[in-house]
Amino acid sequence: MNKATLKENRVHGEPVYPVSTYRFSCGPEEPLMDLHWHDELEFLLLVEGAAAFRVDTADFELRAGEAMFVNSGELHSGRVLGDEPVTFLAVVFGADLFGDVREKVYDRYIFPLVQRNYVVPTKISLETTAERAIVALLRELFDANESGAPMRELTTKGLLHLCLSKLLALGGENRRAETTDGRIERLKTVIEYVEARCEETIALRDLAALAGMSEAYFCRFFKKITAKTPVEYVNSVRIQRAAELLRRTDRKIMAIALEVGFSNLNHFNGEFKRRFGCTPSDYRRRAAAG
DNA sequence: CCAGGGAATTGTGGACCGTG
DNA sequence: CACGGTCCACAATTCCCTGG
């Protein structure tokens, strides 16, 4: 997973088979999942450790064995809880896996889900039989994909149908169907703006104006959703980008600092150390060695 | 109850200096 | 040239409040 990209534009799977699975592990001090979103749907199964996730405005914790569902377009991020390493498996799939509006399965079940006319739980714990069944299906799905089992595409598609069927059974009609929170959409605009122009000077007032909020209110709302302040967020995007340049190029540290939007080497070094626990040149040395 | 504003408080980041 | 330390204006963030 490319952690520097917030709106994931890469295609998950191939157009003819829009599914991809991946396994991700990290240590207790490492970032688990930076804030991002994608149009695809996603199931995530935590196999080791404990983690806290935020999906749009909701916070919850997952322990090993529990899973979560992320709907199309939902902003999500996660961090490690405790001092155990964390491993999760994820399957990301396009809604078009289930056909299009001409098909009953899509029209009746998938479309309302993606449109939020029908809401389902995000966290899938192990409390009920139905939830345990979903988790078992996910395990089967990941086993098939990780072992490269024969006919795994067919198996995966079938299992995803079953997972969604059981998930939908846990949900219900959305009473406030048309009242989806427009603030989240405006926040995404801000995030895209930062992604596109993080090398420029970015002032809080510009971001607040983009979101159509006062600076003070924007700060509060931004932190509520992303768990970071706007400035922390901008810096994290810049540092991620700088880390990539350090790994991939041999440009001077100062040049990279300038390129990703830091006008002051001092400040760049400080932010870098905060994120990676080492100086930029240490980081480059380690990357070259490892 | 919640969105939002103004004021008070906090802390970032730009400048400059010293060291290896 | 990389990097750390210090200082401080003022931008960012939080606090506290009002009106819907």
Side-chain angles (χ1 to χ4, degrees), chain A residues 4 6 29 31 34-35 52 54-60 73-75 77 79 116 119 122 172 174-290:
Chain A
L6 281 302
E29 301 303 326
D34 283 342
L35 180 76
R54 179 169 291 184
V55 178
D56 276 358
T57 55
D59 281 306
F60 56 91
E74 286 183 328
L75 278 167
S77 60
R79 64 185 167 81
R116 311 291 195 284
V119 290
T122 299
N174 188 358
R175 32 195 179 73
R176 22 177 258 151
E178 293 310 309
T179 353
T180 42
D181 197 336
R183 292 174 304 165
I184 299 268
E185 293 310 310
R186 284 181 282 156
L187 196 67
K188 287 180 183 174
T189 310
V190 171
I191 288 168
E192 280 172 332
Y193 176 89
V194 172
E195 274 282 285
R197 333 237 319 232
C198 77
E199 73 284 357
E200 299 171 27
T201 303
I202 295 177
L204 179 70
R205 66 174 161 279
D206 298 328
L207 300 182
L210 245 181
M213 303 171 187
S214 73
E215 294 178 27
Y217 184 60
F218 175 72
C219 279
R220 251 185 307 152
F221 185 69
F222 191 93
K223 190 160 189 177
K224 186 175 167 193
I225 303 297
T226 68
K228 289 179 181 177
T229 67
V231 167
E232 282 171 348
Y233 177 75
V234 169
N235 284 334
S236 73
V237 171
R238 286 173 171 165
I239 290 294
Q240 285 292 344
R241 212 160 273 191
E244 197 179 339
L245 288 172
L246 284 166
R247 277 184 268 119
R248 295 212 337 246
T249 73
D250 58 356
R251 290 216 279 287
K252 281 184 285 190
I253 309 264
M254 186 63 198
I256 289 175
L258 287 170
E259 175 156 348
V260 301
F262 290 94
S263 51
N264 181 299
L265 188 59
N266 223 355
H267 180 216
F268 174 68
N269 288 334
E271 288 295 323
F272 198 92
K273 197 159 195 172
R274 241 158 56 99
R275 187 97 9 211
F276 288 102
C278 65
T279 65
S281 46
D282 280 345
Y283 179 87
R284 171 177 271 163
R285 251 192 305 280
R286 280 193 228 170

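Any value given below was found using the heavy atoms of this structure, including those in side chains, with hydrogens, waters and symmetry copies removed. Chain naming here is simple, since letters A, B, ... match the order of the sequence lines and numbering starts at 1 in each. Bear in mind the structure is a predicted one, so any value in this text is a computation, not a measurement.
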[X] side-chain proximity, nearest of [options]:
X	options	value
A/K252	B/dG13, C/dT14, C/dA2	C/dA2
A/Y217	B/dG13, B/dA15, B/dA3	B/dA3
A/L265	C/dA2, C/dT13, C/dA12	C/dA2
A/L204	C/dA12, B/dA7, C/dG4	C/dA12
A/K223	C/dT14, B/dG14, B/dA3	C/dT14
A/S214	C/dA2, B/dG4, B/dG6	B/dG4
A/C219	C/dA2, C/dG4, C/dT13	C/dT13

Across the strands shown, which category fits A/K273 at heavy-atom distances under 4.0 angstrom: base, sugar-phosphate, nothing?
-> sugar-phosphate

Give one of base, sugar-phosphate or nothing for A/I253, where a contact means two heavy atoms less than 4.0 Å apart.
->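 Sugar-phosphate contact only - A/I253 comes under 4.0 Å of backbone atoms but never of a base.
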
Taking atom types as modelled and ignoring hydrogens, do the side chains of A/S236 and A/K228 form a donor-acceptor contact shorter than 3.5 angstrom?
-> yes

Quick one: [X] [atom1] to [N] [atom2], roughly how many Å, whole number?
X	N	atom1	atom2	value
A/R220	C/dA12	CZ	P	17 Å
A/N235	B/dT12	CG	P	9 Å
A/K224	B/dA3	NZ	C1'	10 Å
A/R285	C/dC1	CZ	C1'	13 Å
A/Y233	C/dA12	OH	P	17 Å
A/E271	C/dA12	CD	P	14 Å
A/E215	C/dC10	CD	C1'	12 Å
A/R238	B/dT12	CZ	C1'	12 Å

What class does the angle between the rings of A/H267 and A/F262 fall in, given that below 30° is parallel, 30 to 60° is tilted and above 60° is perpendicular?
->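 It falls in the perpendicular class, over 60°.
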
Test salt bridge (Lys or Arg N to Asp or Glu O under 4.0 Å) applied to A/E271 and A/R274, step by step | CA-CA 5 Å; A/E271 288 295 323; A/R274 241 158 56 99; 3.6 Å; yes

Are any of A/T229's side-chain N or O atoms less than 4.0 Å away from OP1 or OP2 of C/dA12?
-> no

Please say whether more than 12 non-hydrogen atoms of neighbouring residues, nucleotides or ligands are located less than 6.0 Å from CG in A/D59.
-> yes

Do other residues, nucleotides or ligands put more than 12 heavy atoms under 6.0 Å from the CZ atom of A/R205?
->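 Not buried by this count: 12 neighbours or fewer within 6.0 Å.
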
